[in-house]
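Here is the naming used below: chain letters follow the sequence lines, and residue numbers restart at 1 for every chain. Quick caveat: nothing in here was measured; it's all calculated off a predicted structure.
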Amino acid sequence: MRLGTLHLDRGGQIFLLLLALTTLLVPVLNLAVPADSPLHVSTFTVTLLGKYLTYALLAIAVDLVWGYLGILSLGHGAFFALGGYAMGMYLMRQIGDRGVYGNPELPDFMVFLNWQELPWFWQGFDIFWFAALMVMLVPGVLAFVFGWLAFRSRVTGVYLSIITQALTYALMLAFFRNEMGFGGNNGLTDFKDLLGFDLQSDATRVGLFIASALAVVGGYLACRYIVTSKLGRVTVAIRDAESRTRFIGYRVERFKLWVFTFSAVLAGIAGALYVPQVGIINPGEFSPINSIEIVVWVAIGGRATLYGAVLGALLVNYGKTYLTGVMPDAWLFALGGLFVLVTLLLPQGIAGLLRRKEATA
Amino acid sequence: MKTLDTLRTTMRRDQVWEIMVPKTGLELDISHGTILYLEDISVTFDGFRAINHLNLYIDAGELRCIIGPNGAGKTTMMDIITGKTRPDTGTAWFGQSIDLLRLSEPEIASLGIGRKFQKPTVFEHHSVMENLELAMAADKRVWPTLLARLTPEQHERIDGVLETIGLQEHRARRAGALSHGQKQWLEIGMLLMQDPHLLLVDEPVAGMTHQEMDRTAELLKSLAGRHTVVVVEHDMDFVRSIANKVTVLHQGSVLAEGTMDEVQNDPRVIEVYLGGGDGH
């Protein structure tokens with residue numbers, strides 16, 4: 001990787017440093033410090049942090065297409081959920097005969113539906129590498145086909161946002177149906193273990209947390225590599241003046257298509273890491289509200305900065321956890337109010353505020 | 001009857017035989033000294049004939065000015081050359097071998113026809129240098145773009161163009177922060193980065209100060225010879241200061257062609273520009 005990737009990226013350097021410290025510290029505080037010590041970090045917190053990190057990766061993916069390419073995707077939740085379902089299917093197959101019905105081959109909900117054999121699209125999901133491949137391939141292929149159709153017809157702006165929204169809504173309705181074979185509205189749950197590690201054990205939880213942190217670092221560096229390359233300058237040019245970019249000889253559709261597909265793959269990976277930590281995946285993840293919320297994280301954090309997206313995802317989700325605990329009814333009002341305030345007062349988000357501080361200091 | 005039809009087609013006197021039609025290649029061939037042939041072009045928009053049997057030939061290396069009243073079809077003509085608009089009839093050839101009507105906009109751009117739009121459209125969030133880098137003739141597919149790094153030769157090339165357009169001191173500045181005139185020059189520089197054979201320049205001095213106009217005239221004159229330059233402009237003083245040959249468009253076709261003096265003394269041109277009250 002080129003040296004310039006992190007050069008001149010103060011925010012990114014600070015973020016990676018903090019993330020590295022957290023990733024080193026949290027496992028020690030959880031596993032080595034006794035539970036009655038005030039420094040002990042509970043496993044619940046570790047899992048919560050891991051979940052936030054998968055959201056951060058998802059926010060990075062959205063920032064790449066929104067901040068740097070100008071595509072306001074209101075359907076990235078769909079790619080996240082598809083990655084999650086692919087992982088969920090692997091975890092379901094790992095249950096084996098430990099399910100309620102004890103069927104070694106079929107997951108519980110299929111037995112309940114009186115299905116006799118595993119549907120073709122569940123084949124192979126008992127193998128981890130295959131499931132891992134699908135985690136990336138399924139969102140990637142969907143994004144590729146969707147993008148190929150949309151970008152080739154030069155659908156842009158708000159129209160594109162609306163059809164991404166329709167995409168995730170359509171998938172939600174489809175996954176709600178029992179005959180789709182993904183567990184209907186209950187989704188996939190009751191997972192036991194991952195690669196032979198017990199999902200309930202502290203060590204596995206810590207491992208998943210570390211894996212999520214590594215995925216965020218990898219996703220961040222990959223996106224940073226893209227946006228600092230000439231390709232990144234082309235995508236920003238597309239964002240700012242699409243027809244001009246086409247005119248100087250770039251095939252705008254293809255640039256959009258590849259960056260969008262890459263972003264969807266990142267979202268899929270985030271979903272796959274999310275599912276074993278929260279222990280369930282259901283069609284609610286496809287709900288349009290989720291996708292809009294991701295966009296709000298990025299807007300609040302500050303778009304076209306990448307680390308701003310991470311910041312937004314972490315802060316908003318911490319706020320969500322806190323507020324839904326203290327005052328459950330207030331959360332949506334708080335989120336809406338926050339969005340309005342940030343749009344009015346901080347069009348560049350929190351990252352923009354930090355940068356302005358730095359410039360005046 | 002079929003034989004008869006074939007025979008008729010074969011004997012048509014207004015066309016050459018299929019085998020005589022030159023094959024479309026992608027190599028520019030200007031051995032006859034003419035870089036652009038527009039022949040019998042007509043375009044109609046909703047019943048309005050924007051271009052009406054237009055014939056226009058541009059010699060390689062010349063600096064040609066095209067003038068005409070509003071609605072004369074100047075911009076539409078540029079649109080046809082760059083592939084943005086398809087004519088209803090007629091042919092457009094780039095050199096002797098390239099049929100422009102069969103190519104898409106990016107293909108035409110990559111073959112070496114560069115266009116500067118009326119309104120300066122530079123990439124505002126990029127620096128002057130990045131603007132030039134983006135416009136540079138290079139492999140513009142996705143993967144090569146991701147892996148592209150500037151070579152020393154490319155650096156030199158960017159420096160050369162910065163010097164030509166006089167923006168050396170502004171190389172690291174954000175293009176959005178440039179003055180109007182500087183943006184226009186930057187845009188001409190972006191065209192130059194593509195190594196164009198033919199430059200189409202749409203109203204380069206609109207909104208410029210006098211000093212900026214003079215510099216623009218110098219710039220365009222310095223480009224002619226190495227490149228073929230076609231300038232569409234309203235400002236007569238500016239046209240007089242740069243043009244050897246002027247073409248007057250009127251109602252979608254060529255009204256007059258010649259030096260500025262010849263054109264200005266042409267009674268039909270005077271009629272269009274000054275008279276026009278009677279008979280309409």
Side-chain angles (χ1 to χ4, degrees), chain A residues 1-5 7-8 64-65 67-70 144 147-148 151-152 154 221-263 303-305 347-348 352 355 359, chain B residues 78-79 82-84 103-117 119-127 129-151 154 172 174-176 183 186-187 189-196 200 202:
Chain A
M1 189 164 292
R2 195 165 47 113
L3 201 74
T5 302
H7 182 61
L8 293 178
L64 181 67
V65 290
Y68 291 93
L69 191 54
F144 190 88
W148 191 73
F151 302 142
R152 200 185 47 139
R154 300 197 183 172
L221 289 178
C223 289
R224 186 73 200 161
Y225 178 75
I226 290 176
V227 302
T228 52
S229 72
K230 189 178 176 191
L231 178 79
R233 291 192 279 283
V234 174
T235 60
V236 172
I238 292 171
R239 178 193 77 187
D240 293 342
E242 181 171 332
S243 57
R244 185 77 177 90
T245 315
R246 184 172 290 122
F247 209 82
I248 53 177
Y250 295 98
R251 292 188 181 270
V252 167
E253 301 76 26
R254 299 198 186 163
F255 282 83
K256 282 185 171 178
L257 185 57
W258 284 111
V259 175
F260 188 69
T261 305
F262 177 71
S263 165
R303 64 190 181 118
T305 55
Q348 313 267 321
R355 242 185 310 184
Chain B
M78 297 262 206
D79 286 347
T82 54
K84 196 174 170 196
L103 300 173
S104 68
E105 279 181 81
E107 281 169 336
I108 292 176
S110 67
L111 281 173
I113 296 187
R115 178 176 186 184
K116 202 201 84 55
F117 289 91
K119 220 177 88 203
T121 42
V122 296
F123 300 118
E124 308 247 328
H125 284 85
H126 289 93
S127 71
M129 202 178 145
E130 286 170 343
N131 267 279
L132 295 178
E133 184 204 4
L134 283 174
M136 183 166 53
D139 193 335
K140 288 180 175 168
R141 287 170 303 166
V142 179
W143 271 107
T145 307
L146 177 66
L147 303 173
R149 299 286 173 267
L150 282 179
T151 63
Q154 291 172 326
R174 226 165 51 85
K183 279 185 195 169
L186 173 56
E187 209 181 339
M190 288 168 74
L191 287 183
L192 293 177
M193 290 306 296
Q194 298 172 59
D195 285 320
L200 306 172
D202 206 349

Spatial distance of atom CZ (A/Phe255) from atom OG1 (B/Thr145) [nearest 0.5 Å]: 3.5 Å

Residue selection (most heavy-atom pairs with chain A, distance under 4.5 Å) from B/His126, B/Glu105, B/Gln194: B/His126

Residue among B/His125, B/Glu124, B/Arg115 with most heavy-atom pairs under 4.5 Å to chain A: B/His125

Nearest-0.5 Å distance that lies between atom CZ in A/Arg246 and atom OG in B/Ser104: 10.5 Å

CD on B/Glu130 to NZ on A/Lys230, rounded to 0.5 Å: 11.5 Å

Interface moiety of B/Glu107 toward chain A, non-hydrogen atoms closer than 4.5 Å: side chain

Contact leader toward chain A among B/Leu191, B/Ile108, B/Thr82, B/Thr121, where contacts are heavy-atom pairs under 4.5 Å: B/Thr121

Heavy-atom proximity to chain A below 4.5 Å, by part of B/Met193: neither

Chain B contact via A/Thr245 - side chain, backbone, both or neither, heavy atoms under 4.5 Å: both

Distance-minimising heavy-atom pair for B/Leu134 and A/Ala237: CD1-CB, 3.9 Å

B/Lys140/A/Arg254 under side chain to side chain contact (heavy atoms under 4.5 Å, CB included): CA gap, chis, key distance, verdict: CA-CA 11 Å; B/Lys140 288 180 175 168; A/Arg254 299 198 186 163; over 6 Å; no

More than 12 heavy atoms of other groups within 6.0 Å of A/Glu242 CD: yes

